[in-house]
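A short worksheet on the structure shown next.
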Amino acid sequence: MALGFGWKEVSPERVASGGVVAPNERLPWGKTIGLGAQHVVAMFGATFVFPLVMGLNPQLAIMMSGIATVLFLLIVQGKVPSYLGTSAAFVGGVAAIRAQGGDSSEVTGAIFVAGLILAAVGVLIHFMGAGLLHKVLPPVVTGAVVMLIGFNLAPVVANIYWPQDQWVALATMLFTIVVAVAFRGFISRISVFLALIFGTALSWVLDNTVGQITSVLGGATEATTHYRWDYSGVGDASWFGLPQKTTLAADGMETVGWHMPSFSAAAILLVIPAVIALIAENTGHVKAVAEMTGDNLDPYMGKAIGADGVGTAVASFVGGSPTTTYAENIGVMAATKVYSTAAYYVAAAVAILFGLSPKFGALVASIPGGVLGGITVVLYGMIGLLGAKIWKENGVDFANPINLVPVAAGIIIGTGDVYMNFTDNFSLSGIAFGTIVAIAAYHLARALAPSELRDDADRAGGTLTAVGRTVYGDSDGVDDLYQEGYPGHVGEERRRDEL
């Protein structure tokens, strides 16, 4: 049907015998609901971790992720099974906005504009084809932008999260690495979620054995003595209700909840580079699903990218987090061979119900800063390294100065937070400046280079054939590095899960 409803029911025996369940099919509703719950668990950890590190409301983020997923499925007409969880592509830009004194309304206003831009790009790709995208953003540029977004976040870990409790941060980091590497399949894919539980439990044990800790809490300027895990607000929160409205305390501190966006040109410039990362994510996701299902999904590439833009715009308009397609859920599909969009509608409904529980929101907001330090030191580094993965999988040749020189400048500008002051009121820095340099300087170098250098660049990674799904919003840590979004890799992951 036009909107992708009307699934044909198939028997569980088809899966048991090695068959697959197509997007327009479903298992009996009981099993479909169970699969929907698996998708919730898979996306759960990262979908509320990244709102926390961006200073947004995690309860609202969970609820809006469910709404955004429904919108996505409707726009792609049920052809591309996907869950839209919180994107980490915006974390660096958001950190820069807050470092310049921006509040949550400026953050979500900038994200809202980025969502509209992404939606417009999707419309353009739908009508003009993906060739235009590949020409403007070849893999050497896309990888550079992903890399500088990730590595620009290093000071956030070093200065905000890690110092709150360095020993819990270290233990949580090691736990994440061990679970991601030592286990296979589903357990490794939820290593961050398990690390959250481990680190919070460790904080509680330390609070009740060695006592309080003296450290600087995130956003504070002076050290205080406090419990590592302050869960006092959980008991006072109600079980059911809408997320709170954003409020300001007498000291000017913000308690973030739902709110309307406000718009600042400087803030918008800081998050626009994330659009490039989202284009790469969605492209890789569609190619991965096409590889698994055997369907030709190229006609839906533009719709998928545009649908993510719509989801991001809708979520941020009420104060929620930006969205992106999630590779954890690709892992669930690869393991179960069930690609039914009915399971994603179930997952979206469950997420919306979670978003209607203030007690859940209070529990998530209470996660200790040291725990977030141990998790983000892994996740932020992975974001950066996945830029290198895009280069490797597309055969980018850095012996060619067309590729080497421009992106080298852009990466250092982005990761080093280099400033370019144009007037007293306008400057570019960090991610925004680095992205502009990487893109503009690449095309300038290509225009000026002799034809033999351009031909060499085209032969070695000049065309974006399959952009790997970057781990923005992933909750697994390492396993998706092996299987995210490249033809062949998903099949390898599936075989590994079946062993």
Side-chain angles (χ1 to χ4, degrees), residues 42-58 60-69 71-72 82-97 107-119 121-122 142 145-150 152-153 156 192 268 270-286 304-317 319-330 351 375-376 379-380 382-384 386-387 431 435 467-476 480 484-485:
M43 67 84 187
F44 198 69
T47 294
F48 69 71
V49 167
F50 288 116
L52 283 176
V53 300
M54 286 188 285
L56 299 175
N57 186 287
L60 182 62
I62 290 287
M63 182 172 71
M64 294 309 298
S65 76
I67 293 173
T69 297
L71 291 174
F72 179 93
S82 179
Y83 191 91
L84 294 191
T86 302
S87 168
F90 291 84
V91 174
V94 169
I97 293 171
V107 165
T108 51
I111 294 171
F112 174 78
V113 173
L116 294 182
I117 293 172
L118 182 63
V121 170
T142 306
V145 174
V146 172
M147 179 172 286
L148 66 86
I149 285 174
N152 179 266
L153 295 168
V156 176
V192 169
I268 292 169
L270 288 170
V271 302
I272 283 179
V275 173
I276 297 173
L278 290 183
I279 292 170
E281 289 185 343
N282 283 278
T283 302
H285 181 90
V286 173
I305 293 172
D308 188 16
V310 171
T312 293
V314 170
S316 59
F317 187 74
S321 301
T323 63
T324 189
T325 50
Y326 259 31
E328 300 96 315
N329 300 98
I330 286 184
I375 291 170
T376 54
L379 290 178
Y380 293 170
M382 286 176 56
I383 294 171
L386 283 167
I431 294 173
T435 299
V467 178
R469 161 70 169 86
T470 51
V471 190
Y472 302 145
D474 277 0
S475 63
D476 54 327
D480 280 337
E484 290 185 301

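Heads up: numbering here begins at 1 and tracks the sequence. Values reported hereafter were calculated over all heavy atoms of this structure, with side chains retained and with hydrogens, waters and symmetry mates removed.
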Over all heavy atoms of both residues, which pair between [X] and [Y] is shortest? Give the atoms and the distance, please.
X: P51; Y: P58; answer: CB-CA, 4.0 Å
X: F90; Y: L278; answer: CE1-CD1, 3.5 Å
X: Y83; Y: A351; answer: OH-CB, 3.1 Å
X: L270; Y: P273; answer: O-CD, 3.8 Å
X: S87; Y: M54; answer: O-CE, 3.8 Å

>> Using 0.5 Å steps for rounding, measure from the CE atom of M64 to the CG atom of N57.
In response: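 So the gap between those two atoms works out to 12.0 Å.
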
> Out of curiosity, F72 CZ to T324 OG1, how far, rounded to the nearest 0.5 Å?
Replying inline: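 Reported to 0.5 Å precision, the distance equals 9.0 Å.
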
Please tabulate, for side-chain N and O atoms in residues 112-119, each donor-acceptor pair with protein atoms closer than 3.5 Å (sequence neighbours left out).
none

> Taking only residues two or more places apart in sequence or in another chain, which ones pass side-chain hydrogen bond (donor to acceptor under 3.5 Å, both in side chains) with T435?
Replying inline: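 T435 satisfies side-chain hydrogen bond (donor to acceptor under 3.5 Å, both in side chains) with no residue once adjacent residues are dropped.
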
>> Run the side-chain contact (heavy atoms from CB on, under 4.5 Å) test against T108 and tell me which residues pass, sequence neighbours left out.
In response: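 For T108 the side-chain contact (heavy atoms from CB on, under 4.5 Å) partners, ignoring immediate neighbours, are L56, H259, P261, S316.
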
> Would a 4.5 Å heavy-atom cut-off, applied to side chains only, mark L84 and T325 as touching?
Replying inline: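 Yes - at least one pair of side-chain heavy atoms lies under 4.5 Å apart.
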
> Just wondering, do V314 and T323 contact through their side chains at under 4.5 Å, heavy atoms?
Replying inline: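 Not in contact.
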
